[in-house]
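In what follows, a structure is listed as structure tokens, so that the remarks can point back to it.
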Amino acid sequence: MDHSAKTAPIAARPLTSRRGQSALTGRIRVPGDKSISHRALMFGALAEGETRITGLLEGEDVLRTADAMRALGAEVTQLGNGHWHVRGQGRGKLQEPKDVLDMGNSGTAARLICGILASHPIFAVLTGDGSLRSRPMKRVTDPLSGTGARFASRAGGRLPLAIEGTATPSPLHYRLPVASAQVKSAILLAGLNAEGETVVEEPEATRDHTENMLRHFGATVAVEVQGHGRVVRLQGKPSLTAADIVVPGDPSSAAFPIVAALIVPGSAVTIENIGLNPLRTGLFTTLQDMGADLTIANERIEGGEPVGDLILRAGPLQAVEVPRSRVPSMVDEFPVLAVAAAFAHGTSRFLGLSELRVKESDRLAATAALLTVNGITVEIEGDDLIIHGSGGAAPAGGGTVETHMDHRIAMSALVLGLATQAPVTVDDAAFIETSFPKFVELMHGLGADIGAA
Ligand code: S3P
């Protein structure tokens with residue numbers, strides 16, 4: 001799946017979605033949460049004993065993490081159907097990898113592994129595909145250098161990156177300059193092998209799966225809420241003990257069938273077992289603000305995380321203004337929210353999207369382009385995205401969308417094409433494999449028309 005110039009080019013996989021004869025209907029489940037899946041494998045590798053995982057996302061990104069954990073000495077076994085076992089030697093016991101660790105398309109894998117390796121006395125080299133090699137890593141390597149670890153990278157802190165970890169890491173006290181759960185997690189993971197307390201201050205609360213799962217494995221993590229933000233304190237050198245993990249359905253993956261169900265007239269869809277961690281549900285709040293017929297049923301706690309079923313019916317949507325304070329709780333959902341906004345009555349404004357510029361693609365530009373090429377009027381003002389809704393009428397469609405190695409741009413464009421006048425084509429759907437294997441098959445099950453260009 002490496003579409004970089006370095007390796008032999010793999011043929012791009014174009015795909016087209018079309019407005020069908022009928023509505024979308026059915027009851028589905030989406031794959032496991034990507035953030036929780038990465039962490040389950042990593043923390044299982046850091047803990048002593050056998051961690052048993054169910055519901056793991058078996059997408060390309062997470063498989064790269066599984067390979068990396070094996071290369072670092074953990075026993076990682078795929079038993080089938082999302083069921084995995086990880087056997088680790090205990091905190092601080094990872095081994096030096098014999099080869100370069102290739103993290104594929106995954107920023108989460110690369111950044112969290114930088115944190116883990118900073119406080120192990122081993123040498124490692126990380127690389128990734130063309131998208132990952134263009135993404136900023138200084139946001140983790142600069143603060144992590146404070147542990148005593150050394151990093152050498154390409155210009156601008158880009159991968160490939162060499163890490164020389166330290167046997168005697170200093171604990172960090174770091175205030176995040178950007179709202180990033182990846183950076184927060186990297187600092188906390190480095191702190192596992194440091195003497196004393198590691199502190200991360202985040203001005204805006206970001207997803208807290210690292211904090212929750214570290215506690216689940218036996219670490220002491222205290223969290224103090226301060227305004228919109230939090231102060232997280234980890235006690236160094238905990239005993240980490242294997243623990244079972246149940247991975248809920250990924251709300252960020254559910255976002256695609258959710259928006260499809262809302263914009264294809266007459267649709268009625270239920271999506272079961274979705275993670276409802278409050279730091280991940282900004283999209284659901286926003287869609288409800290837009291007047292979407294979205295209800296949450298059967299709320300319960302499973303494997304320590306809140307989960308529930310989402311019941312959706314198509315209907316009119318109103319424009320919405322998304323405040324910048326809500327961005328971290330839906331940071332990956334803006335491309336598909338933009339698709340919903342394209343059908344709304346009025347002009348929507350999404351504020352403060354600077355972080356979208358450093359995702360798998362420049363998602364701010366790619367989202368604007370995906371709508372523009374399909375006849376929807378959008379503007380980018382600074383870091384804000386403004387979308388002029390069609391007032392419920394079907395937008396023109398007919399465009400070919402450049403996905404820029406970005407799974408979420410590909411899936412958003414395919415959702416758009418299910419309700420536009422003319423079909424929408426994506427230049428390359430291959431990257432959907434990173435987070436949502438079987439996306440197309442699952443949408444077929446609801447009645448969607450997605451197929452060869
Ligand atoms: C993730 C955090 C987010 C998100 C990414 C997964 C994580 O990135 O975009 O898909 O698992 O911690 P940032 O924290 O860098 O915004």
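Any value given below was found using the heavy atoms of this structure, including those in side chains, with hydrogens, waters and symmetry copies removed. Indexing begins at 1, ligand by ligand and atom by atom, following the structure's order.
At least one heavy atom of Lys359 lies less than 4.0 angstrom from ligand 1. Taking 4.0 Å as the cut-off, Thr108 counts as a neighbour of ligand 1 on heavy-atom distance. Not a single heavy atom of Lys184 sits closer than 4.0 Å to an atom of ligand 1.
Within the listing of ligand 1, atoms 1 (C), 6 (C), 7 (C), 11 (O) sit less than 4.0 angstrom from a heavy atom of Ser35. Proximity to Asp332 (heavy-atom distance under 4.0 Å) selects the following atoms of ligand 1: 4 (C), 5 (C), 9 (O), 10 (O).
Salt bridge annotation for Arg64-Asp67: absent, with no cationic side-chain nitrogen under 4.0 angstrom from a carboxylate oxygen. By the 4.0 Å N-to-carboxylate-O rule, Glu195 lies close enough to Lys237 to be salt-bridged with it. Under 4.0 Å is where a charged nitrogen must lie from a carboxylate oxygen, and between Arg300 and Asp309 at least one such pair does. Between Arg363 and Asp406 a salt bridge is recorded (basic side-chain N to carboxylate O distance below 4.0 Å). Using a 4.0 Å cut-off between charged nitrogen and carboxylate oxygen, Arg324 and Asp383 do not count as a salt-bridge pair. Salt bridge status for Asp250 with Arg280: present, with a side-chain N to carboxylate O gap under 4.0 Å.
Between Gln182 and ligand 1, an N or O atom pair is found at a separation short of 3.5 Å. Backbone and side-chain nitrogen or oxygen atoms of Arg207 are examined, and none is located within less than 3.5 angstrom of a nitrogen or oxygen of ligand 1. Not a single N or O atom of Val331, backbone or side chain, sits closer than 3.5 Å to an N or O atom of ligand 1. Below 3.5 Å of separation, one finds no N or O of Glu355 facing any N or O of ligand 1. Residue-to-ligand polar distances place Ser180 within reach of ligand 1: an N/O pair is separated by less than 3.5 Å. Polar contact check, Ser185 against ligand 1: no nitrogen or oxygen pair lies under 3.5 Å apart. Residue Arg408 has no N or O atom closer than 3.5 Å to an N or O atom of ligand 1.
Remark: of the listed residues Ile245, Thr65, Thr108, Thr108 is the sole one forming a side-chain contact (heavy atoms from CB on, under 4.5 Å) with Arg39.
By the criterion of a heavy-atom distance under 4.0 Å, neither the backbone nor the side chain of His38 is placed next to ligand 1. At a 4.0 Å heavy-atom cut-off, ligand 1 does not touch His209 at all.
Classified by interplanar angle (parallel below 30°, tilted 30° to 60°, perpendicular above 60°), the ring pair Phe350/Phe334 is tilted. A tilted orientation is assigned to the rings of Phe256 and Phe436, their planes being inclined by 30° to 60°.
Scanning the protein heavy atoms around atom 14 (O) of ligand 1, the nearest turns out to be Ala181 N, 2.6 Å. The nearest protein atom to atom 12 (O) of ligand 1, hydrogens excluded, is given as Arg39 NH2, 2.7 Å; this is a heavy-atom distance.
The local environment of NE2 in His228 is sparse, with at most 12 non-hydrogen atoms from other residues, nucleotides or ligands closer than 6.0 Å.
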